[in-house]
Number of protein chains: 2
Amino acid sequence: MDEPFDVFGVDCPSRVILQRIGDRWSMFVIAALSTRPMRFTQLKNRIGGITPKVLTETLRALQADGLVARRAFAEMPPRVEYRLTPLGLSLLEPINAIRAWAEANVPQVLEARARADA
Amino acid sequence: MDEPFDVFGVDCPSRVILQRIGDRWSMFVIAALSTRPMRFTQLKNRIGGITPKVLTETLRALQADGLVARRAFAEMPPRVEYRLTPLGLSLLEPINAIRAWAEANVPQVLEARARADA
DNA sequence: CAGTATCCTGTGAGATACTG
DNA sequence: CAGTATCTCACAGGATACTG
């Protein structure tokens with residue numbers, strides 16, 4: 001049996017999370033849903049530049065991972081709400097750790113990057 | 001002036017970090033260097049499956065961001081050592097937060113994913 | 001040893017248009 | 001409103017071979 005969380009395993013489950021939060025749009029969706037549920041078009045408007053196709057794909061992936069819940073109301077016109085699950089909410093903590101690091105250190109990264117360009 | 005760390009800004013600097021730690025190989029390199037400096041070939045061997053081209057690219061990116069330092073010795077045969085900078089070392093903390101979350105919650109994610117497949 | 005140099009491919013993602 | 005359906009493309013990443 002494998003070490004359950006060997007960082008050097010390509011199939012290490014923690015990479016699942018890293019890839020998810022590293023991808024182009026997931027973080028925007030999670031951030032948008034962090035305070036309240038939102039509807040499809042609300043998300044689309046809030047997250048400037050995302051296309052409906054990509055938003056759908058992102059939401060599907062987050063649902064598949066149990067981070068976001070979808071709730072459809074049988075109304076006319078249709079209404080669908082997305083919200084973070086408890087699991088999704090719990091992910092906000094490590095995300096905030098990254099955020100805190102970024103706030104403290106990104107200036108240095110940008111400096112280093114500028115120096116590297118020169 | 002923009003909010004310095006508006007998660008909804010496409011150019012939000014914290015995305016820099018998320019993309020970096022979310023990419024295919026950076027985390028392996030950082031993990032490999034977390035305890036001690038390593039040479040190119042040591043890294044290549046430790047991180048199974050990475051090609052020299054990609055390892056070079058990854059190291060370059062990490063150097064450009066000031067997370068990894070490269071030190072070449074004028075010897076024959078050539079010797080080069082890579083190590084985490086203090087900045088790179090400090091990144092281990094938020095990374096461990098993610099890791100801790102993953103250890104606690106990835107099983108649920110995998111369950112959700114399995115349920116989604118069915 | 002520590003990389004370069006080429007070539008190649010899959011797929012994440014965008015543009016655009018359409019529908020129950 | 002809440003998505004689908006196509007089409008297209010760039011580019012991250014891989015395979016393989018070579019070099020100062």
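Note on naming: letters A, B, ... go to the chains in the order of the sequence lines (proteins, then strands), and numbering restarts at 1 for each one.
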- [ ] Please map the stems of DNA chain D, keeping only stretches of three or more Watson-Crick or G-U wobble pairs with both distances under 3.5 angstrom.
- [x] C:1-20 with D:1-20

Contacts table for residues 109-118 of chain B: side-chain donor-acceptor under 3.5 angstrom, sequence neighbours left out:
unit_1: B:R113; atom_1: NE; unit_2: A:D65; atom_2: OD1; d: 2.7
unit_1: B:R113; atom_1: NH2; unit_2: A:D65; atom_2: OD1; d: 2.8
unit_1: B:R113; atom_1: NH2; unit_2: A:D65; atom_2: OD2; d: 2.8

- [ ] Say whether, by atom type as modelled, one donor and one acceptor occur between the side chain of A:D23 and the main chain of A:S26 under 3.5 angstrom.
- [x] yes

Open item on the list: Quick check: do B:N105 and A:L91 have side-chain heavy atoms less than 4.5 Å from each other?
Closed with: no

TODO: Tell me what A:Y82 touches on the nucleic acid: a base, only sugar-phosphate, or nothing, going by heavy atoms under 4.0 Å.
DONE: sugar-phosphate

TODO: Name the residue closer to the 5' end of DNA chain D, choosing between B:P78 and A:R79 according to the nucleotide with the nearest heavy atom.
DONE: A:R79

Do any N or O atoms of the protein come closer than 3.5 Å to N or O atoms of nucleotides 7-14 of chain D, and which pairs are they?
unit_1: D:dG13; atom_1: OP1; unit_2: B:R24; atom_2: N; d: 3.3
unit_1: D:dG13; atom_1: N7; unit_2: B:K53; atom_2: NZ; d: 3.2
unit_1: D:dG14; atom_1: OP1; unit_2: B:R24; atom_2: NE; d: 3.1
unit_1: D:dG14; atom_1: OP2; unit_2: B:W25; atom_2: NE1; d: 2.7
unit_1: D:dG14; atom_1: N7; unit_2: B:K53; atom_2: NZ; d: 3.2
unit_1: D:dG14; atom_1: O6; unit_2: B:K53; atom_2: NZ; d: 2.3

Which pairs would a plain distance check flag for residues 73-86 of chain A, meaning a side-chain donor or acceptor within less than 3.5 Å of a matching protein atom at least two apart in sequence or in another chain?
unit_1: A:E75; atom_1: OE1; unit_2: A:R79; atom_2: NE; d: 3.3
unit_1: A:E75; atom_1: OE2; unit_2: A:R79; atom_2: NH2; d: 3.2
unit_1: A:E81; atom_1: OE1; unit_2: A:R83; atom_2: NH2; d: 3.3
unit_1: A:T85; atom_1: OG1; unit_2: A:G66; atom_2: O; d: 2.7
unit_1: A:T85; atom_1: OG1; unit_2: A:L67; atom_2: O; d: 3.2
unit_1: A:T85; atom_1: OG1; unit_2: A:L87; atom_2: N; d: 3.3
unit_1: A:T85; atom_1: OG1; unit_2: A:G88; atom_2: N; d: 3.0

Task: Interatomic distance, A:E93 atom CD to A:I98 atom CD1 [nearest 0.5 angstrom] - done: 13.5 Å

For a quick test of your reading: what N or O donor-acceptor pairs under 3.5 Å do the side chains of residues 46-59 of chain A make, sequence neighbours left out?
unit_1: A:T51; atom_1: OG1; unit_2: A:V54; atom_2: N; d: 3.4
unit_1: A:T56; atom_1: OG1; unit_2: A:P52; atom_2: O; d: 2.9
unit_1: A:T58; atom_1: OG1; unit_2: A:V54; atom_2: O; d: 2.8

Task: Boundaries of the DNA chain C segment in contact with chain B, non-hydrogen, under 4.0 Å - done: C:dC1 to C:dT6

Task: Minimal non-hydrogen separation, A:S90 against B:W101, with atom names - done: OG-NE1, 2.9 Å

Task: B:I21 CD1 to A:Q19 CD distance, which is reported to the nearest 0.5 Å - done: 11.5 Å

Task: Separation of B:L18 CG from A:R99 CZ (nearest 0.5 Å) - done: 10.0 Å

Open item on the list: Working to the nearest 0.5 angstrom, can you tell me the gap between B:R15 CZ and A:F28 CZ?
Closed with: 4.0 Å

